[in-house]
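To start, the structure under review is shown below, and the notes come after it.
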Amino acid sequence: MDYKRHLVTAALPYANGPVHIGHLAGCYLPADIYVRYQRAQKRDVKFICGSDEHGVPITIRAMREGVTPQDVVDKYNTIIKDSFAGMGISFDIYSRTSNKIHQETSQAFFKKLYDDGAFEERESEQYYDAEKDVFLADRYIIGTCPNCANPNAYGDQCEKCGSTLSPEQLIEPRSALSNSPLVKKATTHWYFPLNKYEDFLKEWIVEGKKDEWKSNVYGQCKSWLDSGLQPRAMTRDSSWGVPVPLPGAKGKVLYVWFDAPIGYISATKELTAQWSDYWCKEDTKLVHFIGKDNIVFHCIIFPAMLKAHGGFVLPENVPANEFLNIEGEKVSTSRNWAVWVDEYIKDFPDQQDALRYVLCANAPESKDNDFTWKDFQDRVNNELSAVLGNFENRAFVLMHKLCKGRVPALHADEINDMDKALMADIRDAKTKVENAIESYKFREGLAEVIDLARKGNKYLQDNAPWSLAKTPELQEANQKRIDICMHLCLQLTANLAILLNPFLPFTAGKMCKKMKVVERMLEWENAGRIDLLKVNYPLLPPELLFRKIEDEEVATQVQKLQDNLKKATQAIVENSTAAAVKAEQETPLAAPKATITFDDFAKIDLRVGTILKAEKVEKADKLLKLEVDMGTEVRTIVSGIAMHFSPEEIIGKQVSVVANLAPRKMRGIESNGMILMAQNADGKLIFVSPLATADNGSEVK
RNA sequence: GGCGAGGUAGCUCAGUUGGUUAGAGCACAGGAUUCAUAACCCUGAGGUCGGGAGUUCAAAUCUCCUCCUCGCUACCA
């Protein structure tokens with residue numbers, strides 16, 4: 001299809017923290033390269049982004065810091081925006097979802113779907129804080145983690161052990177707002193029946209995008225579609241977000257994943273009155289750049305929403321990248337294991353392109369990749385500086401020494417095969433880089449540019465103009481050959497600037513200045529030409545494009561990572577103990593569990609038993625099926641300890657058993673009782689067993 | 001356990017519809033050179049393509065089984 005306009009979006013960063021280099025490598029840098037290339041092609045393109053400013057984590061952070069959610073998003077919106085600007089990410093607009101235009105746009109979107117009967121209304125029981133008179137989202141619910149006993153796990157996740165939770169799993173759930181115990185109460189929400197769009201999505205993605213989308217993206221979509229889609233609530237009970245535009249929906253807001261992608265539309269509206277050309281006309285090419293964590297929202301949910309609404313184009317491609325690890329470990333914001341963009345800009349002033357180079361050359365395009373400072377140094381010093389920077393510098397120095405600082409003539413009648421080969425390489429490079437960028441293979445495209453510089457180095461080496469000018473007489477005799485060589489080297493340098501521009505715009509700009517050409521020269525159609533610099537045109541003196549990264553800088557950055565990690569880990573420990581102490585002080589009676597009478601205790605039939613047999617339960621990672629000798633009988637008990645013990649090592653162990661616990665089926669096996677375990681803070685399990693051997697079946701009291 | 005994505009030289013990655021001695025960059029070794037940021041250029045060493053079986057005249061590439069890493073998901077009373 002011949003597209004008339006391009007609409008490029010980059011995932012809306014969540015405004016509860018700064019951006020790190022993983023974000024950059026994952027979507028903003030590739031998107032920026034793609035857009036800069038399209039602009040150089042003089043195509044009609046709009047590059048859309050903005051802060052995602054709703055959702056529960058922001059309210060949590062606000063609560064912790066004792067400020068309003070608006071304060072939080074204002075702060076991070078500024079930091080994020082500055083980071084992007086500092087790195088040369090060239091959005092046409094960087095908006096934010098707390099803007100009025102976004103509220104109106106997303107409400108209108110919701111209303112349209114509502115009026116068309118696209119939603120299903122459902123009532124469900126949710127945790128409710130009676131003291132504050134609010135329903136609580138999962139994040140607002142705090143309780144003891146069933147896995148690691150962290151007393152401050154959230155209803156969706158435990159930050160200490162990282163396990164995914166649901167509020168029902170928490171022991172002693174309480175409100176993060178008031179610290180009071182919770183009750184369940186009915187609430188109504190609007191569900192979007194994704195299942196109704198399964199056929200449409202299957203046809204569009206599974207059949208339509210098989211060979212177009214990246215395998216990771218396609219595979220994940222297919223996986224979701226094959227396992228069947230479920231209706232999904234598109235509203236939440238919260239005070240922070242876009243209010244649901246219906247009468248009687250007080251205290252309800254749009255689900256952040258409903259309103260966030262609409263943010264692309266509202267930002268476009270804010271940017272241009274012609275916004276609907278970009279969103280509604282079929283000859284627009286819409287491309288979403290995202291990280292792999294966003295695939296399902298951009299490939300399944302948002303397209304289904306757009307389809308339900310009608311009148312919008314669907315993404316032509318969603319080139320999601322994988323994750324970038326740091327020094328061999330996953331990025332973790334809570335552990336502060338990350339390289340923050342705002343700090344990089346401070347630590348390496350005027351070195352944006354060094355980072356852009358490394359993040360592109362090592363982008364996680366097909367699998368998770370690792371960023372190390374040593375690799376950063378190697379790539380900058382041995383590829384960027386040594387090959388590209390050095391070639392450009394050689395060309396300038398030689399031109400000044402051998403050609404009086406002016407672009408020498410080409411002498412077209414005397415060019416040889418070597419010259420012709422170089423000219424062909426210049427032309428080919430254009431096509432190669434072009435094809436790579438158009439198919440989202442940015443690392444390949446960048447490598448092609450470097451490769452062209454490498455060819456320049458070889459050409460210089462083969463011609464060795466310096467040895468043709470060892471003496472004034474010799475130089476005079478060889479001046480024509482020298483001129484041709486330097487002429488081509490300089491034209492090659494101009495070409496490098498054009499090809500490099502999408503990737504390293506700061507460098508391309510510097511090169512233009514040194515060649516004293518206007519930036520219009522960087523237009524893509526000029527690539528491949530060897531008449532970009534006019535003969536006899538004086539150029540500026542040589543000046544290095546890149547500086548080397550020193551060993552000490554690498555050491556400093558690695559140390560900084562370690563220090564950050566140490567500080568953050570300490571803070572987590574202190575916070576959780578401080579919070580636990582505070583919780584006890586504020587609610588002395590709400591200590592772990594309420595007092596029970598002896599009679600209550602006596603209801604529990606605790607007995608000693610010996611494990612006779614143990615085996616893994618099929619299709620379950622955590623379960624062991626145990627046969628326990630209870631003295632009078634042998635019981636089957638299923639226990640979730642397979643991650644901690646192998647079957648062999650626990651056979652023969654004597655254990656304490658809750659003998660009168662109601663039977664429960666797990667993975668199809670009926671469990672009759674429960675093995676008592678102590679659990680350390682680090683999650684380690686220890687059997688609660690008699691110190692000396694007791695008779696099987698004897699009572700524990 | 002299910003699903004998805006990966007597993008190719010020390011490191012980072014290419015390998016089109018199965019077809020001659022499996023490629024590139026970096027790192028490493030040797031050489032050449034001095035215009036250049038001890039940079040560049042040349043040469044070399046380095047891989048039973050995670051493992052096993054099969055289909056085929058021919059498999060990194062197709063089929064089946066298996067192991068490892070990452071992600072989603074199930075199981076934890």
Side-chain angles (χ1 to χ4, degrees), chain A residues 146-147 163-165 169 171 214-227 292-293 295-296 320 322-323 325 330 358 361-372 374-375 377-402 441 443-444 447-448 450-451 453-454 456-470 482 485-486 489 542-548 616-624 637-644 658 661-669 671 673-677 685:
Chain A
N147 297 320
S163 53
T164 312
L165 303 171
Q169 290 175 287
I171 301 158
K214 290 168 67 166
S215 59
N216 57 342
V217 177
Y218 181 85
Q220 200 171 124
C221 290
K222 191 164 181 301
S223 172
W224 270 77
L225 290 169
D226 286 348
S227 57
K292 71 170 163 186
D293 50 335
I295 289 174
V296 64
E322 304 280 304
F323 289 151
N325 296 330
K330 275 189 279 188
V358 174
N362 189 30
E365 284 178 4
S366 56
K367 64 172 190 184
D368 288 1
N369 267 354
D370 200 25
F371 174 92
T372 67
K374 179 78 182 96
D375 183 61
Q377 181 192 32
D378 283 347
R379 286 183 186 274
V380 171
N381 292 358
N382 302 327
E383 294 171 23
L384 189 59
S385 302
V387 178
L388 195 133
N390 188 38
F391 171 74
E392 190 262 6
N393 190 237
R394 294 173 87 184
F396 264 73
V397 169
L398 283 168
M399 181 269 299
H400 278 277
K401 284 191 178 169
L402 306 179
K441 293 176 179 171
R443 48 192 300 163
E444 184 184 314
E448 289 295 349
I450 297 295
D451 202 48
R454 186 170 279 121
N457 273 320
K458 180 165 168 49
Y459 175 79
L460 260 186
Q461 203 70 28
D462 292 344
N463 281 280
W466 54 89
S467 63
L468 298 178
K470 283 214 164 131
I482 294 173
C485 174
M486 292 322 301
C489 283
E543 191 186 334
L544 296 182
L545 287 175
F546 309 104
R547 71 165 180 81
K548 298 237 167 176
K616 284 267 300 170
V617 174
E618 295 247 327
K619 301 184 180 183
D621 290 347
K622 297 183 183 174
L623 299 182
L624 288 185
I637 297 177
V638 178
S639 185
I641 56 174
M643 306 288 263
H644 299 83
V658 181
L661 194 67
R664 185 187 164 105
K665 264 198 172 180
M666 280 180 275
R667 285 278 134 180
I669 303 164
S671 177
M674 173 175 149
I675 309 289
L676 292 189
M677 288 281 177
L685 293 178

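Naming convention: chains lettered A, B, ... in sequence-line order (proteins, then strands); numbering from 1 in each chain.
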From the options B/A5, B/A77, B/C40, select the nucleotide whose nearest atom is closest to the side chain of A/Leu623.
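Ranking B/A5, B/A77, B/C40 by closest atom to the A/Leu623 side chain puts B/A77 first.
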Among B/C35, B/G6, B/G15, which nucleotide sits nearest the side chain of A/Lys367?
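Nucleotide nearest to A/Lys367's side chain: B/G6.
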Identify the nucleotide, in any strand shown, that forms a Watson-Crick or G-U wobble pair with [N], with both distances under 3.5 Å; if there is none, say none.
| N | answer |
| --- | --- |
| B/C62 | B/G54 |
| B/C40 | none |
| B/G18 | none |
| B/C26 | B/G10 |
| B/C3 | B/G71 |
| B/A32 | none |

Between atom [atom1] in [X] and atom [atom2] in [N], what is the gap in whole Å?
| X | N | atom1 | atom2 | answer |
| --- | --- | --- | --- | --- |
| A/Phe323 | B/G6 | CZ | P | 16 Å |
| A/Lys548 | B/A38 | NZ | P | 6 Å |
| A/Asn362 | B/C26 | CG | P | 15 Å |

Would you tell me if any nitrogen or oxygen in the side chain of [X] comes within less than 4.0 Å of OP1 or OP2 on [N]?
| X | N | answer |
| --- | --- | --- |
| A/Asn457 | B/A36 | no |
| A/Arg454 | B/C42 | no |
| A/Ser366 | B/A14 | yes |
| A/Lys330 | B/C70 | no |
| A/Lys470 | B/U34 | yes |
| A/Lys374 | B/C26 | no |
| A/Lys214 | B/A5 | no |

Are A/Lys367 and A/Glu322 within salt-bridge range, i.e. N to O under 4.0 Å?
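Here A/Lys367 does not pair with A/Glu322 in a salt bridge, since their nearest N and O are not under 4.0 Å apart.
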Taking NZ, NE, NH1 and NH2 as the nitrogens, is one of them in A/Lys330 or A/Asp368 under 4.0 Å from a carboxylate oxygen of the other?
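So A/Lys330 does not pair with A/Asp368 through a salt bridge.
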For A/Ser385 and A/Asp368, find the nucleotide of RNA chain B closest to each by heavy atoms; which residue's nucleotide sits nearer the 5' end?
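The residue whose closest nucleotide sits nearer the 5' end is A/Ser385.
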Identify, between A/Leu544 and A/Gln461, the residue whose nearest nucleotide on RNA chain B lies closer to the 5' end.
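With A/Leu544 and A/Gln461 compared, the 5'-side residue is A/Leu544.
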Work out how far the P atom of B/A27 is from that of B/C11, and round it to whole angstrom.
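That atom pair is separated by 16 Å.
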Tell me what [X] touches on the nucleic acid: a base, only sugar-phosphate, or nothing, going by heavy atoms under 4.0 Å.
| X | value |
| --- | --- |
| A/Glu383 | sugar-phosphate |
| A/Asn390 | base |
| A/Ser639 | sugar-phosphate |
| A/Arg547 | nothing |
| A/Ser215 | sugar-phosphate |
| A/Phe546 | base |

Closest contact, heavy atoms only, A/Gln461 versus A/Arg394
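Distance-wise, the nearest heavy atoms are OE1-NH2, 3.0 Å.
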Could you tell me which non-hydrogen atom of A/Leu388 sits nearest to which non-hydrogen atom of A/Ala453, and how far apart they are?
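Shortest heavy-atom contact: CA-CB, 3.9 Å.
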